[in-house]
Each structure stands twice: as structure tokens, then as C-alpha cells.
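The model shown is predicted, which means the values in this text are computed figures rather than measured ones.
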Amino acid sequence: MLAAKLVDNIWATRKIESLNGLKLMLAEVIEEAGEGQRLIVVDLIGAGIGDRVIICQGSSAGRIFEENVLPIDAAVIGIIDDDCKF
């Protein structure tokens with residue numbers, strides 16, 4: 001898992017059908033090890049630009065959907081509370 005900040009929305013009008021209806025966002029890693037790295041993530045919980053979030057990566061991200069395994073590499077799985085500092 002990674003800590004990141006959501007910095008923008010990603011709009012993709014043409015994509016595979018299984019990704020239709022999913023909210024894509026640009027996230028910037030805020031942890032020391034990968035600070036500044038940017039990822040495109042699927043937002044499943046309604047986070048917004050400026051939110052600090054927890055991101056799940058790899059095959060675990062695609063398995064969040066119980067009915068299907070989707071071709072995604074990173075997903076927002078939590079919003080970090082204001083009192084947590086990195």
C-alpha cells in the first residue's frame with residue numbers, strides 16, 4: 001500500500017468496456033520512498049482532488065471487485081484522516 005495525494009481527474013473517453021463507469025484520478029505518492037511518483041488510480045470511495053489517500057497496487061487492486069477481476073494496477077481504498085502526518 002502507498003500513501004498518496006490526489007492531484008487531478010483523468011478523462012478517458014475510449015477505454016475497454018469493463019472500465020466504463022469507474023472514476024480515474026491522478027495520484028502523487030507522498031511517502032519518502034516514492035515521493036513525487038505519479039500513478040493513475042481507480043477511485044472506488046469518492047475521494048476528491050487534494051485528499052490524501054491509501055492506494056492498493058498490483059493484482060490486489062484488480063481483485064477488489066468481487067464479481068470480476070478488472071485490468072487495473074492501482075485503486076484508492078481509504079482516505080487518510082487530517083491528523084495523520086507523513
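Side-chain atoms of V7 and M25, non-hydrogen and from C-beta on, never get closer than 4.5 Å to each other. When side chains are defined from C-beta on, L26 does not count as touching L6, because their heavy atoms never get closer than 4.5 Å.
When every heavy atom of G50 is checked against every heavy atom of K5, the shortest pair comes out as O-CE, 3.7 Å. The heavy-atom pair separating A61 from A75 by the smallest distance is CB-N, 4.0 Å.
By the 4.0 Å N-to-carboxylate-O rule, R38 lies close enough to E28 to be salt-bridged with it.
Expressed to the nearest 0.5 Å, how far OG of S18 lies from CG of L70 amounts to 5.0 Å. Annotation: the span from K15 atom NZ to L24 atom CG amounts to 6.0 Å, rounded to 0.5 Å. Atom CE of M1 and atom CD1 of I55 lie 11.5 Å apart (nearest 0.5 Å). Note that CD1 of I16 is 4.5 Å distant from CG of L19, once rounded to the nearest 0.5 Å. Separation of atoms CD1 (I30) and CZ (R52) is listed at 5.5 Å; rounding is to 0.5 Å. I54 contributes atom CD1, which lies 10.5 Å from atom CG of L2 (distance to the nearest 0.5 angstrom).
Residues forming a side chain to side chain contact (heavy atoms under 4.5 Å, CB included) with Q37 (at least two apart in sequence, or on another chain): V29, L39. Residues satisfying the salt bridge (charged side-chain N to carboxylate O under 4.0 Å, His left out) test with K23, not counting sequence neighbours, are D43. Residues satisfying the side chain to side chain contact (heavy atoms under 4.5 Å, CB included) test with I79, not counting sequence neighbours, are I45, A47, D51, V53.
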